[in-house]
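Residue numbers start at 1 and run along the sequence shown. Computed from a predicted model, the values in this text were never measured in an experiment.
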Amino acid sequence: MRLDALTVEILRNYLQGAVEEMAYVVERTAYTTFVKETADFTCGLLNPQGEFFAYPIELGVASFGGISYAATLEAVGPLEPGDVVITNDPYGSAAAATHLPDIHLIKPIFWDGRLVAYGAGFLHSSDVGGMVPASISPRASEIFQEGLRVPPKKLFVRGQVNRDLLDVILANCRIPEQNWGDLQALVAGLTTGERRMHELIRRFGPDTVDKAMDDLIDYATRKVEALIRRMPAGRYEFSDYIEDDVVTDIPIRLKVAMTIGDGEIHLDFTGSDVQVGSALNVPTAGRVHPFMSVALVNYFATRDRTIPLNAGVLKRVRMTLPEDSVVNPKFPAACGVRYATVLRIYDAVLGALARAVPAHIPAASGGQGCMVALALPDPEAGRRHVTVIEPMIGGGGGRPGQDGIDGCDASLGFLKTTPAETLETEVPIVVRRYHLIPDSAGPGRFRGGFAVRLDFQVFRPEGLVTARGMERLRFAPWGVAGGTAGATGSVVLNPGTAGERGLPKIDVLALEPGDVLSVRTPGGGDVAAGLVSREHAREAYGVVLAGERVDETATTALRTARRDEPTYAEFDFGPARREHERRWPSSLQDAFIELLMSLPAPYRAYVRRTLHPRVAALADQRAVLPADLHRLWQELRGAIGLA
């Protein structure tokens with residue numbers, strides 16, 4: 001039996017305030033810059049089944065609201081008051097944790113000896129050991145290289161720290177004091193949630209609170225179902241790419257078929273690439289996972305702002321996630337840079353939505369969430385100090401009726417900018433430039449958001465930079481509905497000097513004293529603000545300026561002359577992607593991935609990197625058909641001894 005609507009609304013507002021308070025406690029008491037300034041953390045309240053029924057929206061990471069902790073709780077066994085569970089293991093937690101730097105804690109909440117709920121959340125540790133400072137290298141081929149893996153265990157037992165386990169954790173990271181400080185902050189947040197739940201139960205009684213958990217999830221489910229029923233039924237396909245798999249220059253294809261009907265949405269990722277031998281795999285355990293549907297959740301929340309963010313937003317979503325694919329890898333696949341792939345999955349689902357409900361969907365945002373981390377020697381501690389400098393995020397896509405947001409990607413809008421003053425106080429660097437990049441936005445009636453440039457200078461020797469998730473340096477963010485693609489990103493060492501040189505994507509970069517690193521994100525203008533140059537205004541918009549004013553006569557003449565130029569297609573993917581798909585049309589990619597998935601797992605990576613260039617070489621001469629692919633495969637097959 002459901003509670004009456006008024007009681008549910010009162011409890012919903014109380015619980016929303018409770019989880020927001022939990023998040024603020026973490027923010028105010030955390031140690032590391034990336035948690036307390038950038039806000040890469042979250043915490044909320046779970047029902048006894050391990051699903052979120054209350055989740056913060058004002059602070060912290062928004063894309064974990066549909067995570068299930070059921071497998072984690074099952075793995076650790078019965079809990080008692082004062083226990084706190086810890087894990088960062090994507091495989092042992094059934095993808096509640098999704099890479100090792102995200103350390104998850106769960107605290108049971110009891111009332112009169114009965115388990116009534118849990119407080120749960122995670123924070124991103126700036127280092128958990130592993131092969132590089134900040135732990136995450138795109139080149140990692142196994143999760144063992146990415147840091148210490150902690151299966152679900154008790155960090156606190158009946159209120160007392162499990163010192164043996166904590167000592168092991170802190171002995172395997174580069175910043176033990178900061179990590180322990182952050183973990184205590186998260187425990188404080190979960191304890192705040194416990195206190196607020198007790199207050200609520202004292203006021204309304206345990207039975208009412210029990211019913212409220214179910215009713216809030218059901219309320220979100222019914223609201224989402226109503227939205228889906230207003231969407232046009234049908235099947236809508238879209239593909240996007242990670243530009244390379246790190247090991248080779250072969251792009252990673254991410255394909256989705258979105259089927260809408262009968263109040264449900266099915267996302268089928270068949271045709272997405274096989275599991276790769278780098279850290280770009282996305283653990284999902286083959287189940288419905290919020291990382292695969294961030295674009296959908298954002299669409300629901302935008303169309304109906306009364307939908308609470310909880311497990312109910314995914315109850316009407318089904319998923320097909322092929323085993324041993326990049327979207328459902330098998331242990332021990334590396335997954336440290338999984339969010340770079342999540343961002344491209346976001347774009348793929350967004351593209352499918354743009355075909356289903358074009359009037360409501362923006363163009364692609366910058367599509368990069370590059371976490372620039374710096375490790376410098378710490379003479380006092382006798383080890384390296386590791387700090388995430390800044391989340392480098394591109395501009396937002398142009399929206400129906402509005403320009404894109406500058407320097408902000410909707411899929412990463414929950415991350416905050418770290419103030420330069422904070423960085424310079426906590427890290428011995430100087431921020432030389434941090435601003436929007438002129439002419440970086442994709443032109444259109446409603447342009448994309450401008451990209452961001454960060455230049456910082458180091459002065460100590462032996463500086464090491466990692467920059468996971470650097471993307472869209474080759475394939476531009478796509479435009480839609482007549483808008484054009486945005487600008488690609490770039491990296492430059494010592495800009496404006498005799499030693500200036502462009503860099504490829506950064507894995508680990510050594511900096512010398514005095515070096516300046518310049519990172520420029522992809523774009524998604526106000527001429528008077530200097531963000532659109534005269535040349536770009538003329539080329540992209542057909543606007544001719546005379547001084548600071550528009551030359552109406554020259555502008556009219558230019559636009560009249562352009563009326564006979566070809567019109568844009570439904571999507572503008574930019575020249576690099578158009579050339580790639582000319583050589584690798586969709587039917588050929590489907591056949592290639594189907595072939596790889598049919599092979600024994602140990603052969604897939606080898607055949608992928610060996611057969612792909614042979615097909616590409618033939619594509620330089622003529623159009624390649626699936627029959628050509630199979631002929632080339634038969635030639636290779638005999639050479640590697642496959643029957």
Side-chain angles (χ1 to χ4, degrees), residues 26 32 34-35 40-44 46 50-52 55 60-77 79 84-107 118-130 134-136 140 142-156 165-166 168-169 172-173 179 182-183 186-187 189-190 279-292 294 311 314 321 327-342 369 371 468-469:
V26 177
T32 59
F34 204 54
V35 176
D40 195 349
F41 72 91
T42 196
C43 51
L46 308 175
E51 297 181 318
F52 280 111
Y55 192 90
V61 175
S63 54
F64 278 75
I67 288 287
S68 171
Y69 286 94
T72 302
L73 294 166
E74 182 180 355
V76 80
L79 299 176
V84 176
V85 177
I86 184 170
T87 187
N88 67 343
D89 181 7
Y91 299 102
S93 68
T98 53
H99 71 170
L100 299 187
D102 284 355
I103 302 176
H104 292 247
L105 299 182
I106 310 169
K107 181 179 175 64
Y118 300 92
F122 87 94
L123 53 82
H124 182 99
S125 169
S126 294
D127 187 277
V128 289
S135 303
I136 300 175
E142 294 181 310
I143 197 168
F144 306 114
Q145 299 168 312
E146 297 186 309
L148 180 68
R149 184 163 57 96
V150 183
K153 298 293 179 185
K154 293 183 181 180
L155 180 63
F156 285 75
L165 176 59
L166 180 62
V168 171
I169 292 171
N172 281 276
C173 64
N179 280 353
D182 279 350
L183 288 172
L186 184 52
V187 171
L190 303 187
L280 291 158
N281 301 291
V282 184
T284 59
R287 306 173 183 181
V288 172
H289 197 284
F291 275 13
M292 311 305 293
V294 180
L314 294 181
L321 300 158
V327 297
N328 183 14
K330 184 181 291 184
F331 176 82
C335 49
V337 196
R338 88 285 189 243
Y339 215 83
T341 308
V342 170
M371 307 305 163
R468 66 184 185 275

### Query
Is the closest side-chain heavy-atom distance between Ser135 and Asp127 below 4.5 Å?
yes
### Message
Minimum heavy-atom separation for Pro283 and Ala95, please, with both atom names.
### Response
O-CB, 3.6 Å
## Note on the structure
In terms of heavy-atom contacts, Ser93 and Pro90 come closest through OG-O, 3.7 Å
### Step-by-step side-chain contact (heavy atoms from CB on, under 4.5 Å) determination, Val61 to Asp40
CA-CA 6 Å; Val61 175; Asp40 195 349; 3.3 Å; yes
### Query
Where is the tightest heavy-atom contact between Ser63 and Tyr339, given as atom of each residue plus distance?
OG-OH, 3.2 Å
### Query
Under a 4.5 Å cut-off applied to non-hydrogen side-chain atoms, are Val337 and His99 in contact?
no
## Note on the structure
Rounded to the nearest 0.5 Å, the CZ atom of Phe52 sits from the SG atom of Cys43 at a distance of 8.5 Å
### Query
Is there side-chain contact between Leu186 and Phe41, with at least one heavy-atom pair below 4.5 Å?
no
### Query
Are there more than 12 heavy atoms of other residues, nucleotides or ligands under 6.0 Å from atom CD of Glu74?
no
### Task
Report the residue from Asn328, Leu314, Leu321, Val342 that forms a side-chain contact (heavy atoms from CB on, under 4.5 Å) with Met292.
Leu321
### Query
Out of curiosity, Ile106 CD1 to Leu73 CG, how far, rounded to the nearest 0.5 Å?
4.5 Å
### Query
Quick check, are the ring centers of Tyr69 and Tyr118 under 6.0 angstrom apart?
no
### Query
With a 4.5 Å heavy-atom cut-off, do Cys335 and Ile143 have their side chains touching?
yes
### Task
Ignoring hydrogens and angles, tell me if any N or O in the side chain of Glu146 forms a donor-acceptor pair with the backbone of Gly336 under 3.5 Å.
yes
### Task
Quick one: pull up CE in Met371 and CD1 in Ile136 and give me the separation to the nearest 0.5 Å.
9.0 Å
### Task
Please report the shortest heavy-atom distance between Ala334 and Ala140, naming the atom on each side.
CB-O, 3.3 Å
### Message
Please check this pair: side chain of Tyr91 against backbone of Ala333, looking for a donor-acceptor N/O pair closer than 3.5 Å.
### Response
yes
#### Entry: side-chain contact (heavy atoms from CB on, under 4.5 Å) between Thr284 and Phe291, worked out
CA-CA 8 Å; Thr284 59; Phe291 275 13; 5.8 Å; no
### Message
Please report the interatomic distance NE2(His104) to OG1(Thr98), rounded to the nearest 0.5 Å.
### Response
6.0 Å
### Query
Are any non-hydrogen side-chain atoms of His289 and Val282 less than 4.5 angstrom apart?
no
#### Entry: Verdict with reasoning, Ile169 to Leu165, per side-chain contact (heavy atoms from CB on, under 4.5 Å)
CA-CA 6 Å; Ile169 292 171; Leu165 176 59; 4.0 Å; yes
### Task
Compare all side-chain heavy atoms of Leu100 with those of Arg149 and state whether any distance is below 4.5 angstrom.
yes
### Summary
Between the CG atom in Asp89 and the CD1 atom in Ile103, the distance rounded to the nearest 0.5 Å is 12.5 Å
### Message
Side chains of Ser125 and Asp182, heavy atoms from C-beta outward: is any pair under 4.5 Å?
### Response
no
### Query
Does any non-hydrogen side-chain atom of Phe122 lie less than 4.5 Å from one of Pro101?
no
### Task
Output, in order, the C-alpha distance, side-chain angles, deciding distance and verdict of side-chain contact (heavy atoms from CB on, under 4.5 Å) for Lys107 and Val187.
CA-CA 8 Å; Lys107 181 179 175 64; Val187 171; 5.6 Å; no
### Query
Shortest non-hydrogen contact from Gly121 to Leu190?
N-CD2, 4.2 Å
### Message
Counting only heavy atoms from other residues, nucleotides and ligands, does the tally under 6.0 Å from NZ of Lys153 exceed 12?
### Response
no
### Message
Looking at every heavy atom in both Leu280 and Ala340, which two are closest together, and how far apart are they?
### Response
CD2-CB, 4.0 Å
### Task
Drop me the distance from Asn88's CG to Leu105's CG, to the nearest 0.5 angstrom.
10.5 Å
### Task
Check the angle between the aromatic planes of Phe144 and Phe331 and answer parallel, tilted or perpendicular using the 30° and 60° thresholds.
perpendicular
